[in-house]
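What follows is one structure encoded as structure tokens, with my remarks underneath.
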Amino acid sequence: MKLLLIEDEPILRQGLIRIIERMGLPIGEIGEAANGIEGLQRLAELRPDIVITDIRMPEMNGLDFIREAKEVDDKLQFILVSGYEEFEFAKRGIQYGVADYLLKPVEPEELRDCLIRIMAKIEQDRRHSTLGDELQVLQQRSEETSRERLLTQLIQQGDEGFAFEQDRELASMNTSCREFVIVLFEVTRPDLPYSSFLQGDEALLGFAISNVISQLIESREREGMLFRHSIYDKELVYLLGDGNSIGLTSIKHELEGVMTGIHRYLKLEVTIGFGLPVRNIRQIHQSYQQAKQALRDRIIHGRNKVYGLTPAAGGQGNGSSVLAEEDERFVFRLLNDGNAAALIKWLGPRIEALVEYEASSFNQLESFCIDLHLLYRKYLLLKTSIPEWIIGEVGDLLSWLHGVESWTEIEVKLAGMTHNMMDHLNRMRHSSNPDLMDEIKLYIDNNLHEPISLQVIADRFYIHPNYFSRRFKERFKSSFISYLTEERIRKAGQLLKKTELQIQEIAVLVGFPDAAYFSSVFRKSTGTTPVQYRLNMSAASE
């Protein structure tokens, strides 16, 4: 980007130039002029993108300059600067399409925000400048979406059959670069309006974020491309290629500079994760998975940091996340005693010690969770053939772990799993009914008026909801929800036939607090409304 500054006072002009240069924005050249006539001459030489002009100047004032400059280049963006709060000047400036109006003395923060917003708009306009109509805009969006899908396929699968000729830039990187690495950016986007971005400026904010990242991370020796993950739309992916080796220490230092730049220029929170470099771009999916794994360390150490996977931490955890034999004996003794309080009291400090360790990673915390799950399962197999009923499968735990936002959620989850297991074991010791599924079915049949849900059943009978749902369907050839609805409709039919209760009363008795919703479900199930059903039953009995 190029900028032209028009100000008749040399001291003020030079001061503004120094302020703008210190902002570190992607402005390649700053030209200057003392008045409007000189400014028009500089337009042809500099061909700027943005012009900052004073209003009151000798020979030609700022507004007359803007009017003539518009005839030269109607895409120019103007910022008016004045020492006077004169409405007429501002009104005429708006008529000429001035982007912003600043009062002297110019505040650096206000000017910076103004420039960022205007530069984002220019970038957006440039992307669309070659498109003659709406069809071309839609076509470009389609092409961008297709490219995002193509690159997402590469970083997720690293397919050996991937055709690099599908993307010219990617083919160039594959040829000229020696090492490749994936960098992931999670930028917290604010609700608009925010700072200098107005309501509806979501695209402009996106361009601003992309521009800042690209400008701060690119260099002559490198190639790179920034794109949004086609599935995880909050994930900005930077595929970086280097003609030389990529040093982990240096790349982390540079990324910390990028994070600082995003804080400074856009005032946005950002968390960054990067993987290990690979020599073959077809293996880039390995770096991507490592970057995702590194990014998850924010769950332990917090956001607004740069996380990188080191070769030594390649992913298997360390001794602090493995339960030793003495741990197993201790846990088994507490389980035999039914001492849930002591077991949870032991769990908390173990998790907290792992989290407080400066070099700890989320992978180690995840390993601890898996080890504990396997230990609980080993104990339960001594008591029952279906431990998954109580604590679920390890895949359920892993899926849940991938969605947590704070390590404290894990502490609560493991404590809940421990309580659930203890309560279930205690229930097994005192239960006279050997078939739990029949007991659950009987409970449903006798409590159709209650707000029964999958979680209610799981909590009441101390079983894992996912496993219960699968086993219920296997046993009764119907899903839990379908069975519950069918039984409620069956009972409602009996009440409609044998009683004179109002529809609302019947709805409540079978677990539907809303009569309209009950009527809708009843009609969908039987093909007739409750009122018509009662009339049909009454006519049939006469």
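All values below were derived from every heavy atom in this structure, side-chain atoms included, with hydrogens, water molecules and symmetry-related copies excluded.
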Which pairs would a plain distance check flag for residues 14-30, meaning a side-chain donor or acceptor within less than 3.5 Å of a matching protein atom at least two apart in sequence or in another chain?
from	atom 1	to	atom 2	distance (Å)
Q14	NE2	E32	OE1	2.9
Q14	NE2	E32	OE2	3.2

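Environment of CZ in R149: sparse, with no more than 12 heavy atoms of neighbouring residues, nucleotides or ligands closer than 6.0 Å. Within 6.0 Å of atom CD in E107, 12 or fewer heavy atoms from other residues, nucleotides or ligands are found, so the atom counts as exposed in its surroundings.
Counting only residues at least two apart or in different chains, ring pair (Phe, Tyr, Trp, His ring centres under 6.0 Å) contacts with residues 232-256 comprise H229-Y232. Each salt bridge (charged side-chain N to carboxylate O under 4.0 Å, His left out) pair with one or both residues in residues 260-271, not counting sequence neighbours, appears once here: E109-K267, D113-K267.
Put simply, the side chain of D8 never gets that close to the backbone of A34: no donor and acceptor are under 3.5 Å apart. A donor-acceptor contact shorter than 3.5 Å is absent between the side chain of S469 and the backbone of P465. In this structure, D297 contributes its side chain and F362 its backbone to a donor-acceptor pair below 3.5 Å. The backbone N or O of Q286 lies less than 3.5 Å from no partner atom in the side chain of Q289, so there is not a single donor-acceptor pair. Between the side chain of T152 and the backbone N or O of S230, at least one donor-acceptor pair lies under 3.5 Å. Proximity of a side-chain donor or acceptor of S406 to a complementary backbone N or O of I299 within less than 3.5 Å is not detected. In this structure, the side chain of E9 does not engage the main chain of I11 through any donor-acceptor pair within 3.5 Å. With hydrogens and angles disregarded, a donor-acceptor distance shorter than 3.5 Å links the side chain of N35 to the backbone of E38.
Looking at E179 and R279, a side-chain N of the basic residue comes within less than 4.0 Å of a carboxylate O on the acidic one, giving a salt bridge.
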Steps toward side chain to side chain contact (heavy atoms under 4.5 Å, CB included) verdict (L12, D54): CA-CA 11 Å; L12 291 178; D54 194 2; over 6 Å; no

